[in-house]
Amino acid sequence: MTIASSNTLLGLYQPKTRTAQIVSAIAIAFLGSMVLTIAAKVNVPTWPVPVTLQSLAIAAIAGAFGFRLGVATVSLYLAQGLAGLPVFAGAFAGVPYVLGPTGGFLVGFIVMAAIIGWLADRGAMRNFWTGFGALMAGNMVMFAFGFAWLLAMAGQAGWIDQSNVLVSAFEGAVKPFIVWDIAKMAFATLTVVGGWALVKRLRA
């Protein structure tokens, strides 16, 4: 079993031996978690959910690495945050942060990586439109997790209009991100598809 499908950019260059594959997978997951940390720190501190580059980073990582390493990278990142390392967008980490307003989005990151990685393993990232569709599918599911979590917290949230919880939660914590995330998914798609174009050129 290889760590990445031949339909992913990583799969084209992964080591041949099993030991080398495991070592490289661990190194790549740690590097990917560092990229996610940097992406989290580049943020606009809006409330209750900050605008970050994390969804862009996850989309590009899962699109280029595939299901196994995409999920492993995001899981390692979340484990670092749960352990108290300052990897999240806010100044705090640990379990209390994950149980805060962004908790659903953080869990949704894993599902997003799984969907995009699974589709990438099947060749979705070979051209822009299938790649963009794959990234948007993962992104929308991630937002569904985040929105559901916000609704679950609505009863104790001061930033929610308790007379119209559904609309208030959507307008306050989802609607402002839609245009940004479409742009981020398009950029991530161009990055990965551009990688394929470069590979073809180098191999020509």
Side-chain angles (χ1 to χ4, degrees), residues 25-65 67-117 135-160 168-185 187-188 191-192:
I26 293 172
I28 289 168
F30 269 102
L31 287 173
S33 69
M34 291 174 62
V35 170
L36 287 177
T37 299
I38 294 170
K41 299 305 180 183
V42 180
N43 70 77
V44 178
T46 54
W47 180 256
V49 180
V51 178
T52 76
L53 295 180
Q54 285 173 294
S55 58
L56 187 157
I58 291 168
I61 287 170
F65 294 174
F67 177 85
R68 293 189 187 93
L69 264 179
V71 172
T73 299
V74 177
S75 298
L76 176 60
Y77 167 74
L78 295 180
Q80 291 168 345
L82 284 169
L85 297 178
V87 298
F88 295 141
F92 304 100
V95 175
Y97 185 91
V98 176
L99 294 179
T102 62
F105 292 95
L106 293 173
V107 173
F109 285 165
I110 297 179
V111 184
M112 178 182 179
I115 292 171
I116 294 172
L135 269 54
M136 284 302 301
N139 193 64
M140 287 189 291
V141 173
M142 179 270 292
F143 265 106
F145 271 78
F147 185 56
W149 179 262
L150 290 169
L151 287 180
M153 295 185 65
Q156 56 183 335
W159 48 269
I160 288 254
S168 178
F170 178 80
E171 291 187 346
V174 176
K175 185 178 178 180
F177 300 92
I178 293 175
V179 174
W180 285 105
D181 271 55
I182 291 173
K184 285 187 284 185
M185 293 307 101
F187 184 80
T191 301
V192 179

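Between Phe170 and Phe147, the ring planes lie perpendicular to each other; the angle is over 60°, past the 30° to 60° tilted range. Using cut-offs of 30° and 60° for the angle between ring planes, the Phe105 and Phe143 rings count as perpendicular.
Note that CG of Leu135 and CD1 of Ile115 are 11.0 Å apart. Values are rounded to the nearest 0.5 Å. The CH2 atom of Trp180 sits 12.0 Å away from atom CG of Leu56, with the distance rounded to the nearest 0.5 Å. Of the inter-residue distances, the one linking Met112 atom CE with Met185 atom CE reads 4.0 Å to the nearest 0.5 angstrom. Separation of atoms CG (Asp181) and CZ (Phe187) is listed at 14.0 Å; rounding is to 0.5 Å. Between the OG atom in Ser75 and the CG atom in Leu69 there is a gap of 11.0 Å [rounded to 0.5 Å]. The structure places CG of Leu53 at 11.0 Å from CG of Leu36, a figure rounded to the nearest 0.5 Å.
Tested against Phe109, the residues Val107, Leu106, Val111 include a single side-chain contact (heavy atoms from CB on, under 4.5 Å) partner, Leu106.
Counting all heavy atoms, side chain and backbone alike, Ala60 lies closest to Ala188 at N-CB, 4.1 Å. The nearest pair of heavy atoms linking Met136 to Ile182 is CE-CG1, 3.9 Å. Smallest separation of non-hydrogen atoms from Lys41 and Phe88: NZ-O, 2.6 Å. Taking all atoms of both residues into account, the shortest heavy-atom contact from Ala39 to Ala57 is CB-CB, 4.0 Å.
Within the structure, side chain to side chain donor-acceptor pair (under 3.5 Å) pairs that include any residue of residues 104-115 do not occur (at least two apart or interchain).
For Phe65, there are no ring-ring contact (aromatic ring centres under 6.0 Å, His included) partners at least two apart in sequence or on another chain.
Not one N or O on the side chain of Lys184 forms a donor-acceptor pair closer than 3.5 Å with the backbone of Gln54.
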